[in-house]
Amino acid sequence: MKIAFATSDRINVDAHFSWAQEIDVYEISDGGYEFIETLSFNKETPKPSEDTIEKGEGGCKHGKSDCKKAKKEEEQKPKVQNGESHDKVAQKIAALSDCKIVYVASIGGAAAAKLIKKGVMPVKPRSKKEDIIYLLNRLVQTLKGNPPPWLRKALRPNQESLGELESV
């Protein structure tokens with residue numbers, strides 16, 4: 001099962017889901033865990049053009065607030081809802097589609113609902129003392145014992161396929 005961690009330092013779960021620039025992905029089982037990859041979502045900042053350098057307060061070169069070009073550029077920007085850009089969220093959700101759990105410092109309601117709909121459970125650590133390695137070790141121990149219902153549900157597809165193999 002793949003588990004992801006929104007992180008800024010690759011040690012702690014300290015990043016908001018939609019603003020995370022890096023998400024570390026691990027494969028985990030009751031036998032242990034293994035680092036798989038770091039998903040990077042660095043956004044390149046465009047170089048300022050002559051138009052943006054010369055723009056006045058009104059959003060265009062000549063400072064008029066009703067400039068059609070400025071309005072058209074504004075309409076083409078990604079819409080933001082609850083402080084989260086739909087493009088950033090959609091990109092991360094697509095990248096995490098094969099994960100079962102993503103640990104985040106915080107997450108907006110809309111993004112959490114979209115993750116859950118895709119079968120990925122967002123989880124917030126209980127405290128800042130719970131770094132990635134601690135959480136991984138705790139998950140391994142939980143998998144060895146009796147996982148809580150939400151984790152059993154996340155594991156269900158894997159367990160069903162294992163059950164089919166054992167009956168053959």
Side-chain angles (χ1 to χ4, degrees), residues 1-46 75-168:
M1 162 173 72
K2 287 187 180 178
I3 307 292
F5 299 90
T7 181
S8 66
D9 60 6
R10 305 195 63 206
I11 296 170
N12 299 294
V13 178
D14 59 358
H16 185 284
F17 178 72
S18 67
W19 298 105
Q21 292 184 0
E22 293 184 340
I23 297 179
D24 283 352
V25 179
Y26 289 79
E27 184 72 37
I28 188 168
S29 69
D30 59 2
Y33 59 85
E34 178 183 357
F35 174 77
I36 301 295
E37 65 182 323
T38 296
L39 303 172
S40 293
F41 301 96
N42 293 336
K43 195 172 189 179
E44 292 181 21
T45 52
E75 288 172 2
Q76 292 175 347
K77 290 181 182 177
K79 300 293 182 210
V80 174
Q81 184 178 13
N82 295 334
E84 297 179 351
S85 166
H86 293 295
D87 290 342
K88 288 192 293 185
V89 171
Q91 181 185 16
K92 287 184 178 79
I93 291 171
L96 296 171
S97 64
D98 59 344
C99 292
K100 293 295 182 183
I101 300 171
V102 61
Y103 280 86
V104 297
S106 59
I107 187 169
K114 289 176 184 179
L115 276 170
I116 291 167
K117 187 175 181 180
K118 292 290 184 180
V120 182
M121 178 65 68
V123 176
K124 293 181 189 178
R126 293 182 185 175
S127 73
K128 292 182 180 185
K129 292 181 182 178
E130 297 180 359
D131 63 25
I132 293 172
I133 299 302
Y134 173 82
L135 292 168
L136 285 165
N137 286 322
R138 207 166 115 216
L139 274 170
V140 169
Q141 292 305 315
T142 302
L143 290 173
K144 287 180 181 179
N146 187 18
W150 68 269
L151 188 53
R152 282 194 299 256
K153 184 178 179 181
L155 290 167
R156 192 170 298 140
N158 293 342
Q159 289 177 341
E160 287 174 2
S161 63
L162 287 174
E164 291 172 7
L165 289 174
E166 290 174 0
S167 64
V168 174

Tell me, please, which residues at least two apart from Asp30 pass salt bridge (charged side-chain N to carboxylate O under 4.0 Å, His left out).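 Here no residue qualifies.
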[Y] and [X], any side-chain heavy atoms less than 4.5 Å apart:
| X | Y | value |
| --- | --- | --- |
| Gln141 | Lys144 | yes |
| Leu143 | Met1 | yes |
| Val25 | Ile3 | no |
| Ile107 | Val102 | no |
| Phe17 | Val89 | yes |
| Ile36 | Asp24 | no |
| Arg152 | Asn146 | yes |
| Val13 | Glu130 | no |

Nearest-0.5 Å distance, [atom1] of residue [X] to [atom2] of residue [Y]:
| X | Y | atom1 | atom2 | result |
| --- | --- | --- | --- | --- |
| Ile133 | Leu135 | CD1 | CG | 9.5 Å |
| Ser97 | Leu115 | OG | CG | 10.5 Å |
| Met121 | Ile116 | CE | CD1 | 5.5 Å |
| Glu37 | Phe35 | CD | CZ | 7.5 Å |

Return the orientation label for the Tyr103 and Phe5 ring planes: parallel under 30°, perpendicular over 60°, tilted otherwise.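 Answer is parallel, since the angle falls under 30°.
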Are Lys92 and Ile23 close enough, and set up right, to give a side-chain contact (heavy atoms from CB on, under 4.5 Å), and what steps lead you there? CA-CA 9 Å; Lys92 287 184 178 79; Ile23 297 179; 4.1 Å; yes
Is NZ or CZ of Lys88 both nearer than 6.0 Å to the six-membered ring centre of Phe41 and within 45° of the ring axis? no
So, for His16 and Ser106, which heavy atoms are closest and what is the spacing to 0.1 Å?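 That closest heavy-atom pairing would be CD2-OG, 2.8 Å.
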Closest non-hydrogen atom pair, Val120 against Cys99: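 Val120 and Cys99 have their closest heavy atoms at CG2-O, 3.3 Å.
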Please walk me through it: do Val123 and Val104 pass side-chain contact (heavy atoms from CB on, under 4.5 Å)? CA-CA 6 Å; Val123 176; Val104 297; over 6 Å; no
Heavy-atom donor-acceptor pair, [X] side chain to [Y] backbone, under 3.5 Å:
| X | Y | value |
| --- | --- | --- |
| Thr7 | Asn12 | yes |
| Asp9 | Ile11 | yes |
| Asp14 | Ser8 | yes |

Does Tyr33 form a side-chain contact (heavy atoms from CB on, under 4.5 Å) with Asn137? I'd like the steps, not just the answer. CA-CA 8 Å; Tyr33 59 85; Asn137 286 322; 3.2 Å; yes
